[in-house]
Amino acid sequence: MMFSQKKMKQIAARLDGEPQYAGRPAPTREPALQEYEASLLQLRRAAARVPRAPEINDAHVDAFMQGIREGIETPAPRLSRLWTMASVAAAALVLLLSALAYLGTGSEPVRANEVESAFTELEGVTVNFYNNPQGVSTVQVTMPESDLW
Amino acid sequence: MVGAPAILLALLLLTGGAPDKQPLPVRYWAIEASATGAEAPSFDADAKPIRTLLEDLRFDNFITLKHKAESLALHQETKAALTDRYTMGLRYGGLDATGRARVVVTVMLVPEQSGDPPRKAVETTLLLGPRGTARVCGLRSKDKAEIIIVLARQ
């Protein structure tokens, strides 16, 4: 088992082209080692077909930095705009309700002038009230000639 | 941020901006009316604009003692001396449901005997529509003249 593993390392090193194995004959052709060598070769061929990962070189850095600068300079979409719109809409609603409340108070027709009450503290004095044909409310005080003057 | 001033404005409209909270502009006249036996009634310059409010009375001579435009603050009394014996107070009590202004007119009479407190010759609560007018008649003055108070809502 130990010798088999050593031979496997030698096969892999020879396939990797390590200098110490250059020109040396292949290890004993045992079926297991042959199978191992075949699997290594298959793995290498498959790995050779995998496309190489792109590399960033100096030519790419300018474009890369340009993208960063544009990202910095472009204002990010702001949530405050949404709040502003919502605030304006709410304010408009409040103003509308206020206007309705303000203008809605005069729905009843305005009535004519009226004397709600009238009285005096003076003894012997009477107070009456009436509306004349011109719609003028009149409070009539009737004072005796005596006592007051 | 925009809504805050708008809401404040709306609250002002609902509270301080409501019509019945605003001062009430009025104009009043204190007229001394007397009967002289003249064929045609006479009105002085200040009384002429309100002659239609006076000419149905039994007097023929109308002299203006006081004429003033006032802005009555809500629930505050505005006082004025009409003669040496009469003072008048006007107090605005707001609008009723139909838009009429409630105004309390108080006329105080200073007694002839000094030392006695003034007494209410008349206190009346008037409901005045827009451009409405009212008058208080019969406040006895000297030489059988009377003081007529005319109150007009502006």
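Naming: A, B, ... by sequence-line order, numbering from 1 per chain.
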Quiz prompt | Closest contact, heavy atoms only, A:Glu114 versus A:Ser137 | solution = N-OG, 3.7 Å

Practice problem: Can you check whether anything in residues 143-154 of chain B gets within less than 4.5 Å of chain A, heavy-atom wise, and list it by number? | Solution: B:Lys144

Practice problem: For side-chain contact (heavy atoms from CB on, under 4.5 Å), just list the numbers for B:Phe62 and B:Asp44, CA-CA rounded to whole Å, side-chain angles, deciding distance to a tenth of an Å, and then say yes or no. | Solution: CA-CA 7 Å; B:Phe62 299 91; B:Asp44 69 2; 5.9 Å; no

Practice problem: For the pair B:Leu95 and B:Arg102, evaluate side-chain contact (heavy atoms from CB on, under 4.5 Å) and give the outcome as yes or no after the intermediate values. | Solution: CA-CA 6 Å; B:Leu95 300 179; B:Arg102 179 174 279 102; over 6 Å; no

Quiz item: Is the number of heavy atoms from other residues, nucleotides or ligands under 6.0 Å of A:Arg69 CZ greater than 12?
Solution: yes

Exercise. Specify which of A:Val127, A:Thr120, A:Val141 makes the most heavy-atom pairs with chain B at under 4.5 Å.
Key: A:Val141

Quiz item: Can B:Thr106 and B:Glu123 be said to form a side-chain hydrogen bond (donor to acceptor under 3.5 Å, both in side chains), step by step?
Solution: CA-CA 4 Å; B:Thr106 305; B:Glu123 180 172 296; 3.2 Å; yes

Quiz item: Any idea which of B:Leu139, B:Val136, B:Thr133 has the most non-hydrogen atom pairs under 4.5 angstrom with chain A?
Solution: B:Thr133

Exercise. Using non-hydrogen atoms and a 4.5 Å limit, figure out which bit of B:Leu128 sits close to chain A: side chain, backbone, both or neither.
Key: both

Quiz item: Salt-bridged, B:Lys142 to B:Glu32, with N to O below 4.0 Å?
Solution: no

Practice problem: List for me each residue that meets salt bridge (Lys or Arg N to Asp or Glu O under 4.0 Å) alongside B:Asp56, sequence neighbours excluded, and say none if there are none. | Solution: B:Arg135

Quiz prompt | Worked verdict on A:Asn113 versus B:Leu127 for side-chain contact (heavy atoms from CB on, under 4.5 Å) | solution = CA-CA 5 Å; A:Asn113 298 334; B:Leu127 292 170; over 6 Å; no

Practice problem: Using non-hydrogen atoms and a 4.5 Å limit, figure out which bit of A:Val136 sits close to chain B: side chain, backbone, both or neither. | Solution: both

